[in-house]
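Values below: every heavy atom of this structure, side chains too, minus hydrogens, waters and symmetry copies.
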Number of protein chains: 2
Amino acid sequence: MTRKSAIEDVALDLFASEGFEAASLGKIAEAVGIRKPSIYAHFRSKEDLFLHVFKQALRSKKRMMLRHLLENRDRPFEETFLSLAKRLMDDNESDAQTRFLLRMSYFPPSSLHDQVMELMNPFFMQAERLLTSLLERPLHQTRLQTGNAQEAALAYITVLEGVLAEAIYTTRDKATRRLEAVFPIYCRGVLINK
Amino acid sequence: MTRKSAIEDVALDLFASEGFEAASLGKIAEAVGIRKPSIYAHFRSKEDLFLHVFKQALRSKKRMMLRHLLENRDRPFEETFLSLAKRLMDDNESDAQTRFLLRMSYFPPSSLHDQVMELMNPFFMQAERLLTSLLERPLHQTRLQTGNAQEAALAYITVLEGVLAEAIYTTRDKATRRLEAVFPIYCRGVLINK
DNA sequence: CAAAAACGAACTAACGGTCGTTAGGTATGA
DNA sequence: TCATACCTAACGACCGTTAGTTCGTTTTTG
């Protein structure tokens, strides 16, 4: 691993756990094992470092979700949705990248608010499109109550964020409790009666 | 309005829009129209000011939700739930108190993390109990699919937070879209088939 | 040897917070 | 009634610290 990517990793971690303002370049440098000015050999400013890390995290998360949906596209969509939610919840505990993205998309550094939003918007729109087109495949659409794939997709995203919100400010266990309460209700609301 | 409550109002606003670290006492004082040291005539420290504002906001929000549920307890619970969600969404645009609470319960200042959580936990537990006991009234319970009031309540909270999450980082319009997608699905998942 | 990377020192700006002082109101008491 | 004492709120000046950043120099490396 190069020095540069070591800086990025540490920065991601500290941004995720302490927020942009509280994660100082001094702390980042110390955790990497270099001095503060050395960071400027690789990044023009703190904001530059942040945007670099943010874009990278977004790209990686996009890839992960795309792969998950593609690999499971022939299984019943409830299973795919449930396993995706569980996976994101696990990641929120184990993977700083997910914590970072959730925190920074909710509350970006105020000076970078607009730039961050311009990156996040396409992400959400693509996620919605992706889920919708999955649900529109004949295999799945015929099992949908109203046949309205887009609303089912949007509702899933909403439920997912409600569960992840709980995962953020308490523990995975409590979030799991929520997931187990809400998911059967979601399925019953979306699937055709048997 | 007294000076002290003016300081609290401005602090709430800045904490909500910029976060704890970025909302400096200098900015707060300037917005009030006083000098920084004058704040210390009313509060012992920045953390003291924060906790003061936080407790006040929490109390006020608790009262609001309690009143809403009591006033509507004889109407169909779907209507009550929907209007409560809309009201909280509106508040998130117009009322800094709601934005403040959402932001600070997700990501409290790290030095106050434990104290904030000890205040938030009872709030959520009480909300869950309150919703559950509402749903357990015969009038409503007989209309529930599984009869499990607690899971229906928890699912509602989850859905609500998913909608509010969208309201935080985009606009009320987009959050409304989510609410309109997810709420019918929630109702169908929870109500007995007609 | 040249380019890249790292560093020590130091800069400016801003932070939260303290200190001594002042202005204005109020209660006291002879 | 007037002088006194007291209190609160506000303030200017300033403290120590830390932030992000720059610069000139040294070290490392290809």
Side-chain angles (χ1 to χ4, degrees), chain A residues 1-57 100 103-104 107-116, chain B residues 1-57 100 103-104 107-116:
Chain A
M1 180 176 20
T2 70
R3 243 325 130 69
K4 185 170 179 176
S5 70
I7 296 174
E8 290 168 346
D9 285 0
V10 168
L12 181 95
D13 217 75
L14 284 180
F15 285 149
S17 61
E18 311 195 359
F20 180 76
E21 285 85 7
S24 71
L25 294 180
K27 285 184 203 166
I28 295 172
E30 190 188 348
V32 174
I34 59 176
R35 302 289 159 188
K36 191 169 55 163
S38 307
I39 295 177
Y40 287 82
H42 304 280
F43 304 95
R44 289 204 318 279
S45 66
K46 191 185 184 184
E47 297 189 349
D48 182 43
L49 169 59
F50 174 85
L51 285 175
H52 218 268
V53 167
F54 187 84
K55 288 176 189 170
Q56 201 167 292
F100 170 84
R103 173 164 202 163
M104 291 309 152
F107 305 111
S110 51
S111 65
L112 297 175
H113 178 274
D114 291 353
Q115 288 178 67
V116 168
Chain B
M1 177 174 26
T2 71
R3 243 326 132 67
K4 184 170 178 177
S5 70
I7 295 174
E8 290 168 347
D9 285 0
V10 168
L12 181 95
D13 215 76
L14 284 180
F15 285 149
S17 61
E18 310 195 358
F20 180 77
E21 285 86 6
S24 70
L25 293 181
K27 284 185 202 164
I28 294 172
E30 191 188 349
V32 174
I34 58 175
R35 302 290 158 189
K36 188 172 56 163
S38 309
I39 295 177
Y40 286 84
H42 304 279
F43 303 96
R44 289 203 320 279
S45 66
K46 190 185 185 185
E47 298 188 348
D48 182 43
L49 169 58
F50 174 86
L51 285 175
H52 217 268
V53 168
F54 187 84
K55 288 175 188 170
Q56 201 168 292
F100 170 83
R103 174 163 202 164
M104 290 309 151
F107 303 111
S110 52
S111 65
L112 298 175
H113 178 274
D114 292 352
Q115 287 179 68
V116 169

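- The aromatic rings of A:Phe15 and A:Phe100 sit tilted, their planes meeting at an angle between 30° and 60°.
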Between protein and nucleotides 10-12 of chain D, what N or O pairs are separated by less than 3.5 Å?
{"from": "D:dA10", "atom 1": "OP1", "to": "B:Arg3", "atom 2": "NH1", "distance (Å)": "2.7"}
{"from": "D:dA10", "atom 1": "OP2", "to": "B:His42", "atom 2": "NE2", "distance (Å)": "2.6"}
{"from": "D:dC11", "atom 1": "OP2", "to": "B:Arg35", "atom 2": "N", "distance (Å)": "2.8"}
{"from": "D:dC11", "atom 1": "OP2", "to": "B:Ser38", "atom 2": "OG", "distance (Å)": "2.8"}

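- When DNA chain C is scanned in the 5' to 3' direction for atoms under 4.0 Å from non-hydrogen atoms of chain A, the outermost contacting nucleotides are C:dA6 to C:dA9.
- Between A:Leu49 atom CG and D:dA19 atom P the separation is 15 Å, expressed in whole Å.
- Evaluated for a side chain to side chain contact (heavy atoms under 4.5 Å, CB included) with A:Phe43, the options A:Leu25, A:Val53, A:Leu51, A:Leu49 yield exactly one hit, A:Leu49.
- Computed from coordinates, the A:Leu14 CG to D:dA19 P distance equals 12 Å when rounded to whole Å.
- Scanning both residues, B:Phe20 and B:Lys46, for their nearest heavy atoms gives O-NZ, 2.8 Å.
- Summarising the geometry of A:Ser111 relative to A:Glu47, their closest heavy-atom pair is OG-OE2, 2.9 Å, with the distance given to 0.1 Å.
- Separating the CG atom of B:Leu25 from the P atom of D:dC15 is a distance of 20 Å, rounded to the nearest angstrom.
- Here the shortest heavy-atom pairing between B:Arg3 and B:Ile34 reads NH1-CG2, 3.4 Å.
- Within a 6.0 Å radius of CD in A:Gln56, other residues, nucleotides and ligands contribute more than 12 heavy atoms.
- A:His42 NE2: more than 12 foreign heavy atoms inside a 6.0 Å radius.
- In terms of position along DNA chain D, the nucleotide closest to A:Lys27 lies nearer the 5' end than the nucleotide closest to the other residue of the pair A:Lys27 and A:Arg44.
- Taking each heavy atom of A:Val32 and A:Ala6 in turn, the nearest pair found is CG2-O, 4.0 Å.
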